[in-house]
There are 2 protein chains.
Amino acid sequence: MELFEATIHIRDRCICLHAQRAARALARRFDDALRPHGITSGQFSLLNVLNRPEPVSMGPVAKFLAMDRSTLTANLKPLERNGLIRIEVDPDDRRGRKLSLTAEGRKTLRAAMSIWKKEHAELEREIGIDADLLRAGLRTIA
Amino acid sequence: MELFEATIHIRDRCICLHAQRAARALARRFDDALRPHGITSGQFSLLNVLNRPEPVSMGPVAKFLAMDRSTLTANLKPLERNGLIRIEVDPDDRRGRKLSLTAEGRKTLRAAMSIWKKEHAELEREIGIDADLLRAGLRTIA
DNA sequence: TAATATTCTATTGATATCAACCAATTGAGG
DNA sequence: CCTCAATTGGTTGATATCAATAGAATATTA
């Protein structure tokens, strides 16, 4: 069966499949680690992107995260509801929004960082010396 | 601000963030490519996993995909509704299900494979010689 | 064999993800 | 100015994702 052989090849080599699988495993892992602080791995990443000296608008954030704008809209909601971020109309361009962390958001971010540091060090240990290569490869894709 | 510096470090180095970003970009890319055949990149992967000489049960499939079992339950629904797969109670263990492709599923899979081949070759070209290293790194994680 | 534990899947509720479409605003030409 | 195009987010509908929980069937053990 050539169809079956092709399937074997794809299961072994498809980078998209491998990436989704790794993304799921990593998200679960960091979700678990961050759960005591009430945020997910995705929310942690988003808080980091929003932690800037000056407020950002949504476009650049979505682009940095390689995420659809409407996905970002959705992802902001629980963070705003929980008081971790602020969403304000940009006075200079009333179509846009200015996103920033609240004091509470910075507090949560700071606390979550220590968890991240520990968990990520352990992850890099498991990956071995290839961690930099892996990052580089992922950056090429996204 | 040390908090800001820590954020920069995380944005640059967090493997979880890089993986999610790459996963989103790749999913969009293959979703686009496969759209003419009416399936997504995730459904394509799932069809490949289900394309075996003998039916499989859900547990091993979920494990192979590094996916929660309940996620798999959800993912099977549109495929079954569209007639691409069959879900049957395992007569030897009536808790379990036996999953298999229908003729229609095999037909769709075969057609989608040619798209995958083209798109994946282009992707590997873009990634360069690191494609094998990237795969290896992703496999270590998942 | 009966009671208990384990395994397998489904369901629910919350968030994540994207495409398609829409509304409001701004910008560019005329 | 005024029209029209482009930009910026939001909304909706479908699928994806997981934790928690529940139900059914099997396996274990007393």
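We use all heavy atoms of the structure for the numbers below, so side chains are in, but hydrogens, waters and symmetry mates are not. Bear in mind that the values here come from a model prediction, so they are computed numbers and not experimental data. Below, chain A is the first sequence line, B the second, and so on; all start at residue 1.
Residues A:I15 and B:L133 do not share a hydrophobic cluster, defined by chaining ILVMFWY side chains whose heavy atoms lie under 4.5 Å apart. In the hydrophobic cluster analysis, where Ile, Leu, Val, Met, Phe, Trp and Tyr join through side-chain heavy atoms closer than 4.5 angstrom, B:I39 is grouped together with A:L3.
Between the C1' atom of C:dC21 and the CZ atom of A:R69 lies a distance of 14 Å, rounded to the nearest Å. D:dA16 atom P lies 18 Å from atom CZ of A:R21, rounded to whole Å. Per the geometry, CG belonging to A:L76 stands 13 Å off C1' belonging to C:dT15, to the nearest Å. Regarding B:Q20, its CD atom lies at a distance of 18 Å from the P atom of C:dT15, rounded to whole Å.
For the contact set between residues 26-58 of chain A and DNA chain D, defined by any heavy atom under 4.0 Å, the members are A:R28, A:D32, A:R35, A:S57, A:M58. Contacts with DNA chain C (heavy atom under 4.0 Å) in residues 80-111 of chain A: A:R81, A:D93, A:R94, A:R95, listed by number.
Comparing A:M67 and B:L72 against DNA chain C, the residue whose closest nucleotide sits nearer the 5' end is B:L72.
Residue B:K77 has a polar side-chain atom (N or O) positioned under 4.0 Å from OP1 or OP2 of C:dT11. The phosphate of C:dT15 (OP1 or OP2) has no side-chain N or O of A:N75 nearer than 4.0 angstrom. Residue A:S70 places no side-chain N or O under 4.0 Å from the OP1 or OP2 atom of C:dC18.
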Notebook entry, point to check: Yes or no on side-chain contact (heavy atoms from CB on, under 4.5 Å) for B:L50 and B:L84, after CA distance, side-chain angles and deciding distance?
Noted result: CA-CA 10 Å; B:L50 299 186; B:L84 303 182; over 6 Å; no

Notebook entry, point to check: Given the rule in the side-chain contact (heavy atoms from CB on, under 4.5 Å) test, do A:R69 and A:M58 qualify, once you have shown the distances and angles that lead to the verdict?
Noted result: CA-CA 7 Å; A:R69 286 147 170 248; A:M58 293 180 56; 5.5 Å; no

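The pair B:R86-B:E80 does not meet the salt-bridge criterion, since no charged nitrogen lies less than 4.0 angstrom from a carboxylate oxygen. Salt bridge status for B:D132 with B:R135: present, with a side-chain N to carboxylate O gap under 4.0 Å.
Stacking of B:R106 on the aromatic ring of A:F4 is not recorded, the 6.0 Å distance cut-off and the 45° axial limit not both being met. No cation-pi contact links B:R35 to B:F30, judged by a cut-off of 6.0 Å to the six-membered ring centre and 45° from its axis.
Summarising the geometry of A:L34 relative to A:T40, their closest heavy-atom pair is CD1-O, 3.8 Å, with the distance given to 0.1 Å.
Among C:dC18, D:dT17, D:dT11, the nucleotide with an atom closest to any side-chain atom of A:T73 is D:dT11.
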